[in-house]
Protein chains: 2
Amino acid sequence: MARPRSFDPDDVLEIARQVFWQKGFQATSLDEITAASGVAKPSLYAAFGDKNALFLKVLDRYHDGILGWAERTLAQPVPAREAIRRWLTGFIPYCSGEKGQRGCLSINSATDGSLDQADLRKSIERYNRRLEELLRARLRADRAQFRKGFDPDVTAHTIMVVHAGLLALAHQRPDSKQVKAVIDQVMGLLA
Amino acid sequence: MARPRSFDPDDVLEIARQVFWQKGFQATSLDEITAASGVAKPSLYAAFGDKNALFLKVLDRYHDGILGWAERTLAQPVPAREAIRRWLTGFIPYCSGEKGQRGCLSINSATDGSLDQADLRKSIERYNRRLEELLRARLRADRAQFRKGFDPDVTAHTIMVVHAGLLALAHQRPDSKQVKAVIDQVMGLLA
DNA sequence: CACGTTCTGTACTTAGTAGTACATAACAAA
DNA sequence: TTTGTTATGTACTACTAAGTACAGAACGTG
């Protein structure tokens, strides 16, 4: 009953993610997203709202993707220690070499002082909380497999810190061997 | 023989640091620095060059400050383990609560995709390299105090990762107790 | 006191970008 | 085919912010 959309919003969010991830929120102009996606500005505004709203949608999508993968990985029928090792190891390609350069979209956004929009903060906090909950739940479930006095809550947070640190330092393109060595050493805390 | 400067460049760098740290490089306009410092733009340009050059000077100053403090702390006549514990603990006020909100200027800059200026990258890399060298040297020097098979190089890097992670997550204003718990747990790797 | 030099402040230019007005195109239904 | 509705694309506005021209102020020196 009206003219249909000529683009798939999900495709555009995917393209926008790449551009935002590469250049950062501030430095990315809507014209660049228009150029990359082929969708003109008025259509972007009609579909996603203003630049902040668009970025929020991109970030939420990004978070959902990582959370989904974390859920799947941590649900594997292996000891908690092994599941977490696999989860951390899975980040190595994103923490090292060429691909690591861009770091993590969520952390990049969290450390961007200009983004003190309440919505964005909330999205990031929610993401971190849920990620940590996944880790904590897994560690608690397999509590018996660890030494006496093992604290799953603190350990979950420590893993979050290591995870964030690896992705923060990823911008220097460290060698994947070095990242792996750090993960191996930190796994020593899970015993 | 000519009109003298009416401001102390060091004071201005200090003020600029505060503004840049709070709002980020991109989101800070020179007008804001002018307003905060009372120094007009032409004077800023004459004294420091353009916005990038000013920020580079601010960042170098920031790096020097932290490196100086790290050198002093790590040179204390205590076991390496204790020196590093003190060093990490010293960051707690900057990793938690209200003050933690702004995070670390260096990490904030490193994760800002728009700052792919070669100069800035170099400054940050140099800073991280020197910091890690300080840790590595200290761990190597007291190598005998650790267990057999202890690897000072990997451990130094792991500490860098934890340090970066704490400062990356600082934007969420975690409780200082939580930060301390993570540090305590990570210190378990130094044995 | 006059002079040359360097700094300062106002006001401007210029460029880039977020957001939008409006005419038009594409569809579904009648 | 006509009509109502929603999307599209061009072209525009409004604004912000980096960088600068220029006139005048503040010094040391002769």
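Below, read A as the first sequence line, B as the second, and so on, with proteins coming before strands; counting in each chain starts at 1.
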Any salt bridge between B/Glu132 and B/Arg129, counting N to O under 4.0 Å? no
Could you verify whether a donor N or O on one side chain and an acceptor N or O on the other, from B/Ser123 and B/His63, lie under 3.5 Å apart? yes
For every nucleotide of nucleotides 22-30 of chain D, 5' to 3': is a protein heavy atom under 4.0 Å from its base (B), only from its sugar-phosphate (S), or from neither (-)? --BBBBS--
Residues A/Asp175 and A/Lys180 bridged, charged N to O under 4.0 Å: no
Is the shortest distance from a Lys or Arg side-chain nitrogen in A/Asp153 or A/Arg140 to a carboxylate oxygen in the other one below 4.0 Å? yes
On the nucleotide D/dT8, are OP1 or OP2 found under 4.0 Å from the side-chain N or O atoms that A/Ser43 carries? yes
Identify whether the distance between the nearest side-chain nitrogen and carboxylate oxygen of B/Arg85 and B/Asp184 falls below 4.0 Å. no
Among residues 13-31 of chain B, which ones have heavy-atom contacts with DNA chain D below 4.0 Å? B/Thr28, B/Ser29, B/Leu30
Among B/Val154, B/Asp151, B/Val161, exactly one meets side-chain contact (heavy atoms from CB on, under 4.5 Å) together with A/Gln185. Which residue is that? B/Val154
How about CZ on A/Phe150, more than 12 heavy atoms from neighbouring residues, nucleotides or ligands closer than 6.0 Å, or not? yes
Leading and trailing nucleotides of DNA chain C with any atom under 4.0 Å from heavy atoms of chain B: C/dG4 to C/dT10
Comparing A/Arg5 with B/Asp50, nearest DNA chain D nucleotide closer to 5' gives the residue A/Arg5
Kindly indicate, with the supporting measurements, whether the criterion side-chain contact (heavy atoms from CB on, under 4.5 Å) is fulfilled by B/Phe25 and B/Ser109. CA-CA 8 Å; B/Phe25 173 75; B/Ser109 305; over 6 Å; no
Length of the line joining A/Lys41:NZ and D/dA7:P, which is rounded to integer Å: 19 Å
Strictly below 4.0 Å, N to O, side chains only: are B/Arg121 and B/Glu125 in salt-bridge contact? no
Using a strict cut-off of less than 4.0 Å between a Lys/Arg side-chain nitrogen and an Asp/Glu carboxylate oxygen, indicate whether B/Lys41 and B/Asp31 qualify as a salt bridge. yes
